[in-house]
Amino acid sequence: MKKVAIIMGSDSDLNAVKPAALMLRKLEIPFVMRIISAHRTPEAAARFAREAADEGFGVLIAAAGKAAHLAGALAANTPLPVIGIPIKSSTLDGLDALLSTVQMPSGMPVATVAIDGAQNAAILAAQILALSDGALAGRVQALRAEQTKKVIEKDEQLQKDIEKILEA
Ligand code: RP5
């Protein structure tokens with residue numbers, strides 16, 4: 001199976017990025033996690049992206065905060081799909097990173113998930129890889145069924161508890 005790369009701009013992004021790794025592990029997708037910065041290690045970022053397809057990666061996930069150019073810098077150097085996670089790491093609450101990540105020029109797409117949306121980045125990567133992997137498609141489908149079941153159970157519980165909740 002193709003691998004997923006989770007690249008973050010700084011170790012300070014790690015806590016926000018961790019849910020992506022946990023989700024990829026749950027879905028049995030091989031991945032690597034790296035700290036590579038578009039600004040502080042620009043050569044390494046370009047090299048990683050240029051070599052990613054030959055190294056067996058199928059999707060790149062890029063997480064960065066503030067003036068978040070990492071996803072775009074990777075996309076500029078690879079034909080692989082790049083998913084950007086804007087990280088909430090500044091006085092602007094992540095809006096800066098969201099705009100920096102999502103506002104790519106025509107011809108150079110980055111699929112941007114929500115601010116700190118690491119879990120969705122992993123699920124989207126899984127959905128992309130699942131297009132050519134039936135077993136993975138089954139695991140993605142099972143994940144959906146699992147969350148559907150959880151919501152139904154919570155609603156059933158709410159119906160049982162509603163009077164108690166209103167009286168509290
Ligand atoms: C970005 O700047 C990183 O992705 C991080 O979110 C932010 C702050 O980095 P540090 O100064 O904490 O290393 O490049």
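The first residue in the sequence is number 1, and the count goes up from there. All ligand and atom numbering here is 1-based and tracks the order in the structure.
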Which protein heavy atom lies closest to atom 13 (O) of ligand 1, and at what distance to 0.1 Å?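 Heavy-atom neighbour on the protein nearest atom 13 (O) of ligand 1: Ser10 OG, 2.6 Å.
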Report the nearest protein non-hydrogen atom to atom 4 (O) of ligand 1: residue, atom name, distance rounded to 0.1 Å.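 For atom 4 (O) of ligand 1, the nearest protein heavy atom is Asp13 OD2, 2.6 Å.
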Mind checking whether Val113 and Leu129 sit in one hydrophobic cluster, side chains of I, L, V, M, F, W, Y counted as touching below 4.5 Å?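 Yes, it is one cluster - the side chains of Val113 and Leu129 are joined through contacts under 4.5 Å.
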Do any nitrogen or oxygen atoms of [X] come within less than 3.5 Å of a nitrogen or oxygen of ligand 1?
X: Ser12; value: yes
X: Lys66; value: no
X: Asp11; value: no
X: Gly65; value: yes

Applying side-chain hydrogen bond (donor to acceptor under 3.5 Å, both in side chains), name anything that partners Ser37, two or more places apart in sequence or on another chain.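 Ser37 satisfies side-chain hydrogen bond (donor to acceptor under 3.5 Å, both in side chains) with no other residue.
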What pairs with Ala142 under side-chain contact (heavy atoms from CB on, under 4.5 Å), at least two apart in sequence or on another chain?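 By the side-chain contact (heavy atoms from CB on, under 4.5 Å) rule, Ala142 matches no residue at all.
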Heavy-atom side-chain contact between Leu14 and Met8 under 4.5 Å: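 Yes, their side chains come closer than 4.5 Å.
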For a side chain to side chain contact (heavy atoms under 4.5 Å, CB included) check, start with the C-alpha distance between Leu24 and Ile6, then their side-chain angles and the critical distance, and finish with the verdict. CA-CA 10 Å; Leu24 291 176; Ile6 304 172; 3.7 Å; yes
Under 4.0 Å between a side-chain nitrogen and a carboxylate oxygen: does that hold for Glu146 and Lys150?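 Judged by the 4.0 Å cut-off on N to carboxylate O distance, Glu146 and Lys150 do form a salt bridge.
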Short list, please: which atoms of ligand 1 are under 4.0 Å from a heavy atom of Arg40?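 Here the atoms of ligand 1 in question are 9 (O), 10 (P), 11 (O), 13 (O).
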Atoms of ligand 1 less than 4.0 Å from Ser89 heavy atoms?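 In order of number, 6 (O), 7 (C).
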Using a heavy-atom cut-off of under 4.0 Å, does the side chain or the backbone of Ala64 touch ligand 1, or both, or neither?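 Answer for Ala64: both.
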So for atom CG, which belongs to Asn15, do other residues, nucleotides or ligands contribute more than 12 heavy atoms lying within a distance under 6.0 Å?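 For Asn15, atom CG is not crowded (no more than 12 foreign heavy atoms under 6.0 Å).
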